[in-house]
> 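Below you'll find the structure I mean.
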Amino acid sequence: MTEFPVRVVGRRDEAENVFSLELAAAGGRMLPEWTPGAHIDLAAGPAGTRQYSLCGDPADRRRWRIAILREPAGRGGSEYLHRTALPGTDVRVSLPRNHFELTPSESYVFIAGGIGITPIVPMLAAATAAGARVRLYYGGRTRAHMAFADQLADRYPDVTLVPQDRDGLLPLARLLDEAGAAEIYCCGPEPLLAALEEAAAARNLTVRSERFAPRPVAGTPVNTEFRVRLGDSGTEYRIGPNQSIADVLEAAGVDIITSCREGTCGSCETAVLSGDIDHRDDLLTAEERARGNTMMLCVSRARTGTLVLDL
């Protein structure tokens, strides 16, 4: 990824096992612009990089805020940051990317589960500032695990907090039945997203969602050999059944950007000049996939023949 240094200038606990970081550029310089729904990559030492949604104010170019769920049994990234990302320390981040854009609408229904509230926080502010009707349904394991809950409930009139230990699961069927023409946005753990998407499909509704991890797939995808050609040089590369395009191009010294390697962050999105793409990411919409002019090099493949990339 394209990295640059920022300094941790603030840190506080936001909920049980959730802490936030305030990040600033060296010398008080302005940070890059971002829009609600954007995330950054954050270098997490031996654990590699992790993606975190920006949850502060996009108008504040001097500070970014992210919130991190500490997972002691996770892959190590959050534990590393919990130990080392202290006020005064420097960390490395990427430029913001946004595959979860807030589209203009007169009304919105926002659904968040756990740490999935983070991209929703600036969306609520932007939608409210634009004069839209806003409703938030926010679920968590317990009230103590729900970051930013108090400030959201105080700031917005139509907020429903659903701690699972007290109120059970989010009432997905009811809230979809009441959504009307509202745009529906959701971020949270996979069981929530899968249940919501199933319920929405039964009602012919579209949900805009962001995942923390790849969507589970039934069975084992069949990988076959194919070729990619670089549009600039005409150089061709063989992609074996057990190789990704990103792996092969990186090994050949081609300058590409990657981060998650799971098809969830969008850092390796690349324009496709021609070819039949087998999309396996969790970012592109059905309409974007149908256009066939972009792909994620870390997971997606060719259905047949050769892909020609705009590289």
> What are the two closest heavy atoms between Ala246 and Cys298, and how far apart are they?
CB-CA, 4.0 Å

> Over 60° means perpendicular and under 30° means parallel, so tell me whether Trp64 and Phe4 are parallel, tilted or perpendicular.
perpendicular

> Are Leu31 and Leu23 connected in a single hydrophobic cluster, I mean Ile/Leu/Val/Met/Phe/Trp/Tyr linked by side-chain heavy atoms less than 4.5 Å apart?
yes

> What's the shortest heavy-atom distance between Val18 and Ala67, and which atoms?
CG1-CB, 4.2 Å

> Under the 3.5 angstrom rule, does the side chain of Arg303 hit a backbone N or O of Ile277 as a donor-acceptor pair?
yes

> Examine Arg70 relative to Phe19 and say whether NZ or CZ is less than 6.0 Å from the centre of the six-membered ring and inside a 45° cone about the ring axis.
no

> Do you know which of Val6, Val8, Thr89, Leu81 makes side chain to side chain contact (heavy atoms under 4.5 Å, CB included) with Leu21?
Val8

> If you measure from CZ on Phe110 to CZ on Arg135, what distance do you get to the nearest 0.5 Å?
11.0 Å

> Check His145 against Thr142 and note the closest heavy-atom contact, atom names and distance.
ND1-OG1, 2.6 Å

> Classify the side-chain pair Arg280/Asn223 by whether it contains a donor and acceptor separated by less than 3.5 Å.
yes

> Does the side chain of Thr103 pick up a donor-acceptor pair with the side chain of Tyr108 at under 3.5 Å?
no

> How close do Leu172 and Leu192 get, heavy atom to heavy atom, and via which atoms?
CD2-CD1, 3.9 Å

> Any chance CD of Gln151 has more than 12 other-residue heavy atoms, nucleotides or ligands included, within less than 6.0 Å?
yes

> May I ask you to decide if Cys265's main-chain N or O and Arg97's side chain share a donor-acceptor pair within less than 3.5 Å?
yes

> So which atom in Leu311 and which in Ile256 form the shortest heavy-atom distance, rounded to 0.1 Å?
CD1-CG2, 4.1 Å

> Establish, yes or no, whether the cationic atom of Arg65 lies under 6.0 Å from the six-membered ring centre of Phe148 and within 45° of the ring axis.
yes

> Going by distance alone, is a donor N or O of one side chain under 3.5 Å from an acceptor N or O of the other, for Ser209 and Glu197?
yes

> Is it true that Arg143 and Asp150 make a salt bridge, defined as a side-chain N closer than 4.0 Å to a carboxylate O?
yes

> Check for a donor-acceptor pair, side chain of Arg12 on one end and backbone N or O of Glu22 on the other, with a separation under 3.5 Å.
no

> Side-chain heavy atoms under 4.5 angstrom apart, residues restricted to Ile, Leu, Val, Met, Phe, Trp, Tyr: same cluster for Ile66 and Phe100?
no

> If you count every heavy atom of other residues, nucleotides or ligands that lies below 6.0 Å from Asp154 atom CG, does the total exceed 12?
yes

